[in-house]
Protein chains: 2
Amino acid sequence: MINTRVAVAIHILALIASKPHEDLTSEYIASSVNTNPVVIRRLLGMLKKAGLIQTTAGKAGAWLTRGPTAITLLDIFHAVEPNESLFAIHDNPNTHCPVGKGIQRVLDEAFGAAQTALEERLSAETLQDILHRLFVED
Amino acid sequence: MINTRVAVAIHILALIASKPHEDLTSEYIASSVNTNPVVIRRLLGMLKKAGLIQTTAGKAGAWLTRGPTAITLLDIFHAVEPNESLFAIHDNPNTHCPVGKGIQRVLDEAFGAAQTALEERLSAETLQDILHRLFVED
DNA sequence: TTTGATGTAACTCATTTAGTTACATCGAAA
DNA sequence: TTTCGATGTAACTAAATGAGTTACATCAAA
């Protein structure tokens, strides 16, 4: 199972986007997520590194670098999940075996296609859609 | 990242399907995968429990319960990955916060859609396709 | 200069994964 | 019927990951 970082990161960004005129502290965000402020600051660091938000050291508040319609769930996923491939493949299969010899390439293709399908779906949903589902639709 | 069980299970089934007239031992399969025979037997157990193969205790060999065209990568995925949801969601978000209150439902929807996209792609590929890519195509 | 915030290193604890040892049990051949 | 080689499975280990926590250097602003 994929870790909770993606879920928490979306939660964080939804908070920031929903209160653009308030300077949210990591402690406030943590109380909404129900975790430790350091966990939030770590994620804010990753989101900042990915260019999704901007912050100032020592000063409360975080701001989106672009509008919620321009931030996809895939952007968020990649920001907090540095791993390139979704599926792990066992290494050093026996190259003297016809199956072992070709399996990594074949798995790369199959898993790559599946990951692409997932990523295309994630890139079709934006932070704005999340806000809409949170506040407009029931 | 998703564990190597899916990859190894596909490897195992490709071996079984490619040598339908040989009784492969867990030791032989392990030498192709390059791991311990017990790891193979554990996976064979899961594949058997999922109804994909049949085995006899004490006797070498495993047999597909249906043809390679009728076994999808999604079948294999579900056989060795008992977890229902692909994405983890943090629990106990603050219900006094508007975002915290609705986030789990919204994440469930978004993650569910992404998982469905992944699973649809996995179900479009069969063990036969794997064999074809291993032995027919380059 | 004091206060309250961020940024980040370092540690802990729980969980998962993969590998391993050990052994009960079964099937088939000697 | 005994022996041999296989499966099935429990139990243990070691490594990796995830999430929470403490501690503290640093910065912004009053």
Side-chain angles (χ1 to χ4, degrees), chain A residues 1-9 11-12 15-16 22-50 53-63 77 79-93, chain B residues 1-12 15-16 22-50 53-63 77 79-94:
Chain A
M1 193 157 54
I2 294 168
N3 58 53
T4 61
R5 287 198 299 268
V6 192
V8 175
H11 187 147
I12 292 173
L15 272 175
I16 294 174
E22 294 182 37
D23 288 344
L24 307 182
T25 64
S26 61
E27 183 151 352
Y28 174 88
I29 300 174
S31 84
S32 172
V33 172
N34 190 30
T35 183
N36 189 290
V38 176
V39 171
I40 301 300
R41 293 206 285 274
R42 259 200 302 250
L43 287 171
L44 287 173
M46 295 191 216
L47 295 170
K48 182 177 187 176
K49 197 172 175 183
I53 62 168
Q54 197 47 253
T55 62
T56 321
K59 196 181 164 193
W63 306 268
F77 178 74
V80 299
E81 183 51 73
N83 223 335
E84 262 193 42
S85 28
L86 185 61
F87 291 86
I89 296 180
H90 55 295
D91 38 32
N92 301 322
Chain B
M1 191 157 55
I2 295 168
N3 57 54
T4 62
R5 287 198 299 268
V6 192
V8 174
I10 294 173
H11 187 147
I12 292 173
L15 272 174
I16 294 173
E22 294 182 39
D23 289 345
L24 308 181
T25 65
S26 61
E27 182 152 351
Y28 175 88
I29 299 174
S31 85
S32 172
V33 172
N34 189 31
T35 183
N36 190 291
V38 176
V39 171
I40 301 299
R41 293 206 285 273
R42 260 200 303 249
L43 288 171
L44 286 173
M46 297 191 213
L47 295 171
K48 182 178 188 174
K49 196 172 176 184
I53 62 168
Q54 198 45 254
T55 60
T56 320
K59 196 182 164 194
W63 307 268
F77 179 75
V80 300
E81 183 52 71
N83 223 334
E84 262 194 42
S85 29
L86 185 61
F87 290 86
I89 296 181
H90 55 294
D91 37 31
N92 301 322
N94 190 340

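Every heavy atom of this structure was used, including side-chain atoms; hydrogens, water molecules and symmetry mates were not.
Counting only heavy atoms from C-beta outward, the side chains of A/Val80 and A/Asn3 never approach each other to under 4.5 Å.
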What side-chain donor-acceptor pairs closer than 3.5 Å can you find for residues 32-39 of chain A, not counting sequence neighbours?
| unit_1 | atom_1 | unit_2 | atom_2 | d |
| --- | --- | --- | --- | --- |
| A/Ser32 | OG | A/His11 | NE2 | 2.8 |
| A/Asn34 | ND2 | B/Asn92 | O | 2.9 |
| A/Asn36 | OD1 | A/Val38 | N | 2.9 |

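Counting to the nearest Å, the C1' atom of C/dG19 and the CG atom of A/Asn92 are 15 Å from each other. Rounding to whole angstrom units, CE of residue B/Met46 and C1' of D/dT7 are separated by 16 Å. For B/Asp23 and D/dT7, the CG to C1' distance is 13 Å, given to the nearest whole Å. Taking atom CG of A/Leu43 as the reference point, atom C1' of C/dT6 lies 15 Å away to the nearest angstrom. We find that CD of A/Glu27 is positioned 9 Å from P of C/dT6, with the value rounded to whole Å. When the C1' atom of C/dT20 is taken as reference, atom CD1 of B/Ile40 falls 14 Å away, rounded to whole Å. In this structure, B/Lys48 places its NZ atom 17 Å from P of D/dA6, rounding to the nearest Å. As rounded to whole Å, 14 Å separates atom C1' of C/dT17 from atom CD1 of B/Ile2.
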ask   = With the sugar-phosphate defined as primed atoms, P, OP1 and OP2, and the base as all remaining atoms, what B/S/- string results for nucleotides 24-30 of chain C, 5' to 3', for protein heavy atoms under 4.0 Å?
value = --BSS--
ask   = Which letters describe nucleotides 13-22 of chain D, given B = protein heavy atom under 4.0 Å from base, S = only from sugar-phosphate, - = neither?
value = -----SSBBB
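Closest of all the heavy-atom pairs between A/Thr25 and A/Ala60 is CG2-CB, 3.7 Å. Minimum heavy-atom separation, B/Ser26 to B/Arg41: OG-NH1, 3.0 Å. Between A/Ala88 and B/Thr4, the shortest heavy-atom contact is CB-CG2, 3.6 Å. Scanning all heavy atoms of the two residues, the minimum distance from A/Leu44 to A/Ile16 falls at CD2-CD1, 4.2 Å. Nearest heavy-atom pair across B/Ala79 and B/Leu47 is CB-CD2, 4.0 Å.
Expressed to the nearest 0.5 Å, how far CG of A/Leu43 lies from CD1 of A/Ile12 amounts to 4.5 Å. Between the NE2 atom of B/His90 and the CZ atom of A/Arg5 there is a distance of 14.0 Å, given to the nearest 0.5 Å.
For C/dT6, neither phosphate oxygen OP1 nor OP2 lies less than 4.0 angstrom from any side-chain nitrogen or oxygen of A/Thr55.
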